[in-house]
Amino acid sequence: MKKTILIITAALLLSVSARAQTIGYIDEVKTLGYIAGQGMACGAAKFRTFEMLARAILITKAPSNKMQAKAMYAYNNAKADGYFAKQADGFFECDDINERFNNQPIYQATLYADGSLKMPDGKIFTPRKPYDATLLYQDRNDRLNAQKIYDRGKKAKVGKVTVQNDTADTKAETVYGKPPAPSEAAIRHIRRQ
C-alpha cells in the first residue's frame with residue numbers, strides 16, 4: 001500500500017513539475033516577444049541579434065513540436081502587443097528602452113551551429129533535434145512590415161451596425177461592405193486543412 005501511494009505521489013509530482021516547466025517556458029517566450037516588440041518599435045540597433053537569440057531559445061527549449069508551435073504563436077502575439085503598445089504611446093521613452101534593450105545579458109549567450117545554446121549563466125541547452133542555427137538569422141525588415149500592418153489597421157473602415165428591438169420581430173442589421181447573406185442551404189461542412 002505504501003509503495004502504491006509513493007508511486008502515485010511521485011507520478012503526480014512529476015506531472016506537476018512538467019506542467020510548471022511548460023508554463024514557465026511559455027511565459028519566458030511571451031516575455032521575449034514583448035521585449036522584441038518594443039525593441040522593434042523603437043528601432044533598437046541590436047534588434048536582429050535579439051530576434052535570432054530569442055527564436056533560438058524558443059526552438060531549443062521547446063519540449064515538443066506541439067509546444068514549439070504554441071510558443072511561436074505566443075511569441076509573435078506578445079511581439080505584436082509590444083510593438084503596438086509602443087506605437088500607441090507615441091514612442092514614449094524610446095531612448096531609454098533602446099539603451100536597456102542593447103545592454104541585455106541575452107547578448108552574452110552563445111549560439112552554436114547545431115542550435116545548442118550556452119546561456120550567460122553557464123547553462124547549456126541542446127535542442128531535441130539539431131537544426132541549422134544560421135537559418136534563424138534572416139535579413140528582413142520586420143519594423144517596416146509591422147508599420148505597414150499598423151497603418152493598414154488605422155485605415156480600416158467601420159461599417160454600419162443597426163439594432164432594433166422595438167417591434168415584436170427583432171431585427172438586427174450589420175453592414176460591412178455589404179457581404180452576401182448566407183442561406184441555410186449554403187452552410188455545409190467546415191473543414192480544417
Side-chain angles (χ1 to χ4, degrees), residues 9-87 89 91-150:
T9 305
L12 287 174
L13 288 175
L14 289 175
S15 68
V16 169
S17 176
R19 182 168 169 80
Q21 287 176 349
T22 300
I23 291 170
Y25 167 68
I26 294 293
D27 287 341
E28 179 181 13
V29 166
K30 284 180 182 179
T31 301
L32 287 171
Y34 195 81
I35 292 169
Q38 286 198 339
M40 182 172 63
C42 290
K46 291 186 177 181
F47 169 72
R48 290 183 182 173
T49 304
F50 180 89
E51 180 83 354
M52 179 183 65
L53 291 170
R55 288 180 184 271
I57 289 169
L58 186 151
I59 293 168
T60 303
K61 287 187 170 184
S64 67
N65 288 341
K66 184 178 178 181
M67 189 56 65
Q68 181 178 327
K70 285 182 181 180
M72 184 59 74
Y73 183 79
Y75 176 83
N76 287 330
N77 276 340
K79 183 175 159 184
D81 289 346
Y83 180 84
F84 294 132
K86 199 41 51 192
Q87 286 279 340
D89 76 3
F91 302 104
F92 183 69
E93 294 184 350
C94 261
D95 292 336
D96 292 337
I97 288 171
N98 283 340
E99 185 177 331
R100 287 192 312 262
F101 188 90
N102 292 330
N103 294 316
Q104 294 180 73
I106 193 172
Y107 299 115
Q108 297 168 4
T110 304
L111 176 61
Y112 297 98
D114 69 346
S116 297
L117 277 168
K118 182 177 181 185
M119 300 305 284
D121 62 0
K123 290 182 183 174
I124 296 177
F125 296 98
T126 55
R128 300 182 316 283
K129 298 179 243 175
Y131 61 91
D132 184 2
T134 60
L135 298 176
L136 291 172
Y137 182 81
Q138 296 177 357
D139 192 16
R140 59 181 192 230
N141 195 344
D142 287 336
R143 187 172 189 224
L144 182 62
N145 292 338
Q147 188 62 45
K148 286 179 184 176
I149 293 168
Y150 181 76

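Taking Asp95 as the reference, nothing meets the side-chain contact (heavy atoms from CB on, under 4.5 Å) condition, with sequence neighbours excluded. Under the side-chain contact (heavy atoms from CB on, under 4.5 Å) criterion, Asn77 pairs with Tyr73, sequence neighbours left out. The ring pair (Phe, Tyr, Trp, His ring centres under 6.0 Å) search around Phe50 returns Phe101, not counting sequence neighbours.
Within the 4.5 Å cutoff, no side-chain heavy atoms of Leu58 are placed close to those of Leu32. When side chains are defined from C-beta on, Thr60 counts as touching Tyr131, because their heavy atoms get closer than 4.5 Å. Residues Ile26 and Met67 are in side-chain contact: their nearest non-hydrogen atoms beyond the backbone lie under 4.5 Å apart. With a 4.5 Å cut-off on side-chain heavy atoms, Leu111 and Arg55 do not count as touching.
Within the structure, the salt bridge (charged side-chain N to carboxylate O under 4.0 Å, His left out) test picks out the following pairs touching residues 57-74 (sequence neighbours left out): Glu28-Lys61. Sorted by first and then second residue, the salt bridge (charged side-chain N to carboxylate O under 4.0 Å, His left out) pairs with a member in residues 115-128 form an empty list; sequence neighbours excluded.
Using modelled atom types, one finds a donor on one side chain and an acceptor on the other under 3.5 Å when comparing Glu51 with Tyr75.
For the atom pair CG (Leu53) and CG (Leu117), the distance works out to 7.0 Å, reported to the nearest 0.5 Å. If you take CD on Glu93 and CD on Glu99, they are separated by 12.0 Å, rounding to the nearest 0.5 Å. Rounding to the nearest 0.5 Å places CZ of Phe91 at 11.0 Å from CG of Asn98.
For OH of Tyr107, the number of neighbouring non-hydrogen atoms (other residues, nucleotides, ligands) closer than 6.0 Å is greater than 12.
Of all heavy-atom pairs spanning Pro120 and Pro105, the tightest one is CG-O, 3.0 Å.
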Sequence neighbours left out, cut at 3.5 Å: what donor-acceptor pairs do the side chains of residues 33-47 make with other protein atoms?
| unit_1 | atom_1 | unit_2 | atom_2 | d |
| --- | --- | --- | --- | --- |
| Lys46 | NZ | Asn102 | O | 3.2 |

